[in-house]
Amino acid sequence: MHDLRVFRDQLDQLRDAMRRRQKLDSLTPLIDRGIQLDSDRRATIQAVESLKAARNANAQEVARRKRAKEDADDLIAAGRDIGGRVATLEEQLAILESGIQGVLLELPNLVLEELPDGGEEANRVEKTWGDPREAAGVRPHWEIGETLGMLDLPRGAKIAGSGFIVFRGLGARLVRAMMNVFVDTHVREHGYEEVWVPVVVNRASMTGTSQLPKFAEDMYALRDEDMFLVPTAEVPVTNLYRDEIMDAAFLPHGFVAYTPCFRREAGSAGKDTRGLLRVHEFDKVEIVRYCTPETSSAEHETLTRHAEVLLERLGLPYRRTLLAAGDTGFASAKTWDLECWAPGVGKWLEVSSCSTFTDFQARRANLRYRPAPGEKPRFIHTLNGSGLAFPRVIACLLEHYQQSDGSVRIPEILQPYLGVAVLR
RNA sequence: GGACAGGUGGCCGAGUGGCUUAAGGCGCACGCCUGGAAAGCGUGUGGUGGGGCAACUCACUCGCGGGUUCGAAUCCCGCCCUGUCCGCCA
């Protein structure tokens with residue numbers, strides 16, 4: 001969310017960012033509405049507050065006269081009149097304020113200077129690690145997984161629906177191994193605090209990280225309560241300190257959480273439906289960082305490296321892609337996607353998305369810190385990234401490490417947790 | 001799910017319609033005192049929004065949202081959360 005003052009002080013920046021997001025045309029009416037509402041709001045506040053000041057003075061005088069046993073009927077009548085006018089203006093003000101909230105909640109974040117202009121086609125691969133295996137002769141992961149008895153997609157579809165996975169035997173154990181390896185690495189080597197959080201959250205949390213109000217159709221909602229299944233641990237974890245003021249010494253602070261993630265994928269029917277490529281429920285380890293505005297750029301690189309290290313330990317070839325302005329998510333100011341090579345399907349699969357949100361989420365979730373005792377609170381910056389998302393990593397593991405006899409080697413880092421070196 | 005008791009500033013805690021612009025204490029900051037410290041004394045100490053270059057000033061803020069009233073921390077209604085007991089339950 002932007003500061004309300006964006007409509008007075010940062011209009012050029014706002015319009016330029018929306019242009020780079022390729023949304024200026026569709027958002028111009030919204031921006032114009034914001035400008036008008038802001039100016040109406042301030043005029044109304046001035047009117048209502050001067051009336052309130054008069055009302056307060058009047059009430060004080062009534063009190064004084066009553067104590068002095070004097071008559072105050074004329075003042076009480078005057079107060080009644082002021083009160084009526086206040087009520088009318090306050091109604092108008094409430095309408096203006098909720099209008100402004102509506103506008104602010106629907107405007108995406110500014111984007112950073114260095115993003116390429118353009119849409120998805122302008123995304124820029126910044127580096128590639130490892131040697132992508134030739135696609136020829138490699139079977140897709142769903143065949144490998146089924147043959148090895150690790151994956152049971154038909155039964156997943158039966159008990160929940162298409163896009164829900166059943167892992168079996170060493171497949172199930174592999175999921176558990178990844179939870180441990182990923183979380184342990186972030187805790188022991190990267191200094192994150194491990195947290196275990198609810199995966200059902202309230203509306204305020206979903207609004208704090210920007211899933212609501214704009215993307216309601218992407219998530220699962222409970223029927224009897226105003227609560228939602230999280231699409232990512234970003235939601236509960238970023239909201240941990242919602243409406244709090246942190247000490248400066250607390251920053252920077254990293255959190256790591258494993259959670260299942262639930263996504264309706266309403267807009268992606270028919271895309272990437274095979275195997276583990278796009279599913280409604282999946283497991284993910286998420287890393288979230290809180291920091292000061294001064295350090296967020298460096299923190300973004302740090303966080304992204306924390307995700308990359310896991311891919312390197314797993315020995316999976318990957319590339320880092322800087323998303324163009326037009327492909328960058330609603331709340332993000334800058335995003336690097338990490339994509340892993342899956343030779344069986346012949347595609348680079350997004351296994352992590354590492355973003356800096358600048359103060360956008362912090363303002364929505366009211367996450368602040370006090371730079372020094374006695375100073376005014378400031379909004380923090382928030383960042384997050386997958387570290388990592390399981391199903392696509394499993395797909396890449398199965399395809400990349402597939403051997404000619406149909407068995408699959410297991411990277412050394414997973415072996416102690418999994419108990420075997422080869423799946424056969 | 002039911003019954004009862006609660007929710008006041010960084011913390012404790014008073015306050016049942018107007019001498020409360022939230023008493024008092026603790027903590028914290030600064031000053032006085034001191035050779036230095038402690039104690040003591042004094043002053044200050046939240047957040048949001050509006051106006052103003054600023055000093056400053058106005059409004060709002062006693063869990064949240066409505067209502068009654070000239071005036072609400074205080075009265076009424078709804079909700080949320082916490083505690084205790086009961087019921088149910090992995």
Side-chain angles (χ1 to χ4, degrees), chain A residues 1-10 34-105 196-208 212 222-228 236 239-251 260 359-380:
Chain A
M1 188 163 66
H2 300 282
D3 191 306
L4 180 54
R5 295 183 186 89
V6 76
F7 297 121
R8 292 165 241 167
D9 307 336
Q10 283 185 290
I35 296 168
Q36 183 62 48
L37 286 168
D38 173 55
S39 129
D40 291 352
R41 169 179 174 272
R42 280 183 294 156
T44 307
I45 284 176
Q46 286 175 37
V48 79
E49 287 193 354
S50 67
L51 274 177
K52 280 183 176 180
R55 182 182 68 180
N56 291 345
N58 187 259
Q60 287 301 310
E61 183 57 16
V62 171
R64 193 198 60 77
R65 283 205 201 165
K66 294 238 170 186
R67 280 196 300 276
K69 308 273 192 236
E70 294 170 15
D71 178 74
D73 288 352
D74 56 328
L75 293 183
I76 287 172
R80 193 175 291 133
D81 176 56
I82 296 173
R85 285 150 69 200
V86 166
T88 307
L89 280 176
E90 278 194 324
E91 260 173 60
Q92 288 172 23
L93 186 58
I95 291 167
L96 291 169
E97 303 233 303
S98 76
I100 285 180
Q101 274 304 305
V103 169
L104 287 173
L105 288 172
W196 191 275
V197 293
V199 297
V200 183
V201 300
N202 57 31
R203 181 173 292 274
S205 294
M206 281 293 192
T207 306
L212 286 176
L222 301 198
R223 188 186 56 198
D224 294 329
E225 301 191 60
D226 194 28
M227 299 184 90
F228 308 87
N239 276 283
L240 277 174
Y241 281 73
R242 170 151 50 83
D243 294 323
E244 295 192 38
I245 300 173
M246 289 161 256
D247 289 336
F250 185 71
L251 304 174
D359 62 2
F360 190 82
Q361 290 183 328
R363 189 170 280 112
R364 288 171 85 107
N366 197 22
L367 296 163
R368 293 177 295 169
Y369 78 106
R370 198 181 297 282
E375 286 188 36
K376 282 278 182 191
R378 300 172 73 200
F379 290 109
I380 65 166

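Hydrogens, waters and symmetry mates play no part in the numbers below; they use all other heavy atoms, side chains included. The sequence lines fix the lettering, A, B, ..., with proteins before strands; numbering per chain opens at 1.
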Dot-bracket assigned to RNA chain B with the 3.5 Å Watson-Crick/G-U criterion, [ ] for crossing and | for other-strand pairs, is ((((((((.[[[..)..(.....]]]((((((.......))))))((((((....)))))).[[[[[..)....]]]]])))))))....

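Minimum heavy-atom separation, Ile245(A) to Pro377(A): CD1-CG, 4.0 Å. Residues Pro371(A) and Ala248(A) come closest through the heavy atom pair O-CB, 3.5 Å. Annotation for Ala204(A) and Arg242(A): closest pair CB-NH1, 3.5 Å, computed over non-hydrogen atoms. For the residue pair Ile380(A) and Leu251(A), the shortest heavy atom distance occurs at CG2-CD1, 3.8 Å.
Counting only distance, with no hydrogens or angles, the side chain of Asn239(A) and the backbone of Ser205(A) share a donor-acceptor pair below 3.5 Å.
Considering Val6(A), Leu104(A), Thr207(A) in turn, Leu104(A) is the only one that fulfils the side chain to side chain contact (heavy atoms under 4.5 Å, CB included) rule with Met1(A).
Applying the side-chain hydrogen bond (donor to acceptor under 3.5 Å, both in side chains) test to Arg85(A) and every residue at least two apart in sequence or in another chain returns Asp81(A).
The residue among Ala54(A) and Asn58(A) whose nearest nucleotide of RNA chain B lies closer to the 5′ end is Ala54(A). Of the two residues near RNA chain B, Ile245(A) and Ser50(A), the one whose nearest nucleotide lies more 5' is Ile245(A).
Distance noted for atom C1' between rG25(B) and rU45(B): 15 Å (whole Å). Here the separation of rG66(B) from rG9(B), taken at their C1' atoms, is 25 Å to the nearest Å. Across the P atoms, rC26(B) and rG42(B) are found 12 Å apart, a figure rounded to whole Å. Straight-line distance between the C1' atoms of rU68(B) and rU82(B): roughly 29 Å, to the nearest whole Å. Distance check on atom P: rU84(B) versus rG17(B) gives 33 Å, rounded to whole Å. Rounded to the nearest Å, the gap between the P atom of rG63(B) and that of rG10(B) is 13 Å. When the C1' atom is used for both rC32(B) and rU21(B), the distance is 29 Å, rounded to whole Å. A gap of 23 Å separates the P atoms of rG83(B) and rG78(B), to the nearest Å.
Ile35(A) CD1 to Ile100(A) CD1: the interatomic distance, rounded to the nearest 0.5 Å, is 11.5 Å. In this structure, the separation between NZ on Lys66(A) and CD1 on Ile76(A) is 4.0 Å, given to the nearest 0.5 Å.
Across all strands shown, Asn56(A) has heavy atoms under 4.0 Å from sugar-phosphate atoms exclusively, and none from any base. Residue Arg8(A) is in sugar-phosphate contact alone, with no base atom involved, counting any heavy-atom pair closer than 4.0 Å across all strands shown. Counting non-hydrogen atoms under 4.0 angstrom, Ile45(A) reaches the backbone sugars and phosphates but no base.
Of the residues in residues 62-71 of chain A, Val62(A), Ala63(A), Lys66(A), Arg67(A) come within less than 4.0 Å of RNA chain B through at least one heavy atom, sorted by number.
Pairs of residues two or more places apart, or lying in two chains, that qualify as side-chain hydrogen bond (donor to acceptor under 3.5 Å, both in side chains) and include a residue from residues 91-104 of chain A are Arg41(A)-Glu97(A). Annotation: side-chain hydrogen bond (donor to acceptor under 3.5 Å, both in side chains) contacts involving residues 45-54 of chain A, sequence neighbours excluded, comprise Lys52(A)-Glu90(A).
Ring orientation note: the planes of Phe250(A) and Tyr241(A) are tilted relative to one another, at an angle of 30° to 60°.
Taking a heavy-atom distance under 4.0 Å as the criterion, the stretch of RNA chain B touched by chain A extends 5' to 3' from rG18(B) to rG71(B).
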